[in-house]
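Everything below concerns the one structure shown next.
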Amino acid sequence: MSAIIELEGVRKTYRTGSMEFEALRGVDIRIDEGEYVAVIGPSGSGKSTLMNLLGCLDLPSEGRYVLAGEDTSRLDEAALAAIRNRRIGFVFQQFHLLPSMTAWRNVELPLIYAGVPRAERKERAVSALTRVGLGDRIDHRPGELSGGQQQRVAVARALVTEPALLLADEPTGNLDSRSTRDVLGLFDELHTSGRTIVLITHEPEVAARAQRNLVFDDGRITVDRPTAAVAPAGAS
Ligand code: ADP
Ligand code: MG
């Protein structure tokens, strides 16, 4: 197995005026391709800070982040933006869909930034929506969809670029229990098909669906353990 994520001695200090706060206090993590990892921990423990670093949305104050063999600290903003667009799919608690655009227009957005031609964009957007079970909702706007359906549109948008890594920060935080089951079922399928997933959650039932749990407390990993979840066929 090759590593997709390697963090070494990562620290993150936020500075607000003269105040400093160390949100990550020395984090070492290795995640291999194809793993399904849940990061769990109380509010304020540093989970979203970690997600922002993993997603190249922010940089560590100290330490190294190697993503798919590339040391991200050596990359400029344009290179980081390209990595975010091509290699990483993001899913957030608040969906972040554009309300005036139909489902397929929302899903095609990352392909516009990636410079994919128009006809291919629609085809790929529709195929991603079909994959998440929304092939019959492509022309609906977010306001015409349930919360669970909106989150599935967001998952389709995250997948449309075929990213190596899917990062999800509290993706079920705004969903009812049925929609939570739908979205987690989708993550199970993505994992089985080989996608690397890092899911952040404060809900133990959600974390139990992953293969491995990293428990955060006060900016540090306190526990790194496999879950009882069944490994997909082919995993050892
Ligand atoms: P979690 O996602 O686990 O709830 P966060 O990573 O959002 O935790 O936050 C960890 C700590 O860092 C919290 O104490 C939070 O207040 C602080 N923090 C987060 N973002 C910022 C920021 N941009 N500026 C200053 N402090 C921040
Ligand atoms: Mg958070």
Side-chain angles (χ1 to χ4, degrees), residues 4-31 35-67 72-73 75 77 80-81 83-84 88-97 147-148 150-152 154-155 157-158 163 165-177 179-180 183-184 186-187 190 196-225 227:
I4 184 159
I5 286 170
E6 291 167 283
L7 294 185
E8 289 164 16
V10 165
R11 292 176 177 271
K12 179 69 191 180
T13 305
Y14 290 115
R15 292 189 175 83
T16 322
S18 61
M19 300 281 285
E20 283 198 358
F21 182 80
E22 197 174 35
L24 296 180
R25 305 172 182 226
V27 174
D28 298 279
I29 306 175
R30 175 190 159 119
I31 296 175
E35 276 196 88
Y36 182 4
V37 178
V39 176
I40 193 159
S43 177
S45 57
K47 304 183 300 295
S48 293
T49 299
L50 176 75
M51 157 114 169
N52 290 340
L53 297 183
L54 294 180
C56 299
L57 296 164
D58 202 355
L59 294 168
S61 312
E62 266 181 59
R64 237 158 63 97
Y65 174 28
V66 179
L67 173 62
T72 56
S73 64
L75 303 173
E77 191 39 56
L80 290 172
I83 286 188
R84 282 196 295 272
I88 304 173
F90 294 94
V91 178
F92 300 98
Q93 180 171 0
Q94 315 282 355
F95 319 142
H96 292 311
L97 300 174
Q150 290 182 59
Q151 192 60 301
R152 283 191 276 153
V155 173
R157 181 185 54 193
L165 176 63
L166 185 66
L167 293 178
D169 193 351
E170 305 278 4
T172 60
N174 279 351
L175 301 182
D176 59 32
S177 56
S179 302
T180 294
V183 166
L184 292 177
L186 190 55
F187 282 21
L190 294 169
T196 310
I197 304 174
V198 180
L199 178 154
I200 287 171
T201 182
H202 64 274
E203 299 172 82
E205 321 82 76
V206 173
R209 296 288 285 264
Q211 275 180 308
R212 175 181 171 195
N213 285 355
L214 294 174
V215 182
F216 256 74
D217 193 18
D218 204 15
R220 287 189 187 88
I221 294 175
T222 53
V223 178
D224 180 352
R225 63 168 178 238
T227 61

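All values reported here derive from a predicted model rather than from experimental measurement. Indexing begins at 1, ligand by ligand and atom by atom, following the structure's order.
Less than 2.8 Å away from the Mg ion (ligand 2), the protein contributes these N/O/S atoms: Ser48 OG.
Heavy atoms only, all atoms of each residue included: Leu175 and Gly148 are closest at CD2-N, 3.7 Å. Closest approach of Gln93 to Gln151, counting heavy atoms only: O-NE2, 4.1 Å. Thr72 approaches Leu80 most closely through the heavy-atom pair O-CD2, 4.0 Å.
Looking only at protein heavy atoms, the nearest one to atom 9 (O) of ligand 1 is Thr49 OG1, 3.9 Å. Given atom 7 (O) of ligand 1, the protein heavy atom at minimum distance is Ser48 CB, 3.6 Å. Among protein heavy atoms, the minimum distance from atom 15 (C) of ligand 1 is reached at Phe21 CE2, 4.8 Å. Nearest protein heavy-atom neighbour of atom 19 (C) of ligand 1: Tyr14 CE1, 3.3 Å.
Between the side chain of Thr227 and the backbone N or O of Ala210 there is at least one donor-acceptor pair closer than 3.5 Å.
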Does Glu77 form a salt bridge (charged side-chain N to carboxylate O under 4.0 Å, His left out) with Arg84? I'd like the steps, not just the answer. CA-CA 10 Å; Glu77 191 39 56; Arg84 282 196 295 272; 2.9 Å; yes
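Contacts with ligand 1 closer than 4.0 Å are made by no heavy atom of Phe216, backbone or side chain.
In terms of polar-atom proximity, Thr16 is not counted as a contact of ligand 1, lacking any N or O under 3.5 Å from an N or O of the ligand. Between Gly46 and ligand 1, an N or O atom pair is found at a separation short of 3.5 Å.
Rounded to the nearest 0.5 Å, atoms OH (Tyr36) and CG (Leu190) are 9.0 Å apart.
At least one heavy atom of Gly44 sits less than 4.0 Å from an atom of ligand 1. For Pro42, the closest heavy-atom approach to ligand 1 falls below 4.0 Å.
Using a 4.0 Å cut-off between a side-chain N of Lys or Arg and a carboxylate O of Asp or Glu, Asp224 and Arg212 qualify as a salt bridge.
The only member of Ile88, Leu166, Ile5 that meets side-chain contact (heavy atoms from CB on, under 4.5 Å) when paired with Val198 is Ile5.
Take His202 and apply the ring-ring contact (aromatic ring centres under 6.0 Å, His included) test, not counting sequence neighbours, and it matches no residue.
For atom 2 (O) of ligand 1, the nearest protein heavy atom is under 4.0 Å away. In this structure, atom 27 (C) of ligand 1 is in close contact with the protein, since a protein heavy atom lies within 4.0 Å of it.
The aromatic rings of Phe90 and Phe92 lie parallel to each other, their planes meeting at an angle below 30°, with 60° marking the opposite boundary.
Looking at heavy atoms from C-beta onward, Ile40 lies out of side-chain contact with Phe216 at the 4.5 angstrom threshold.
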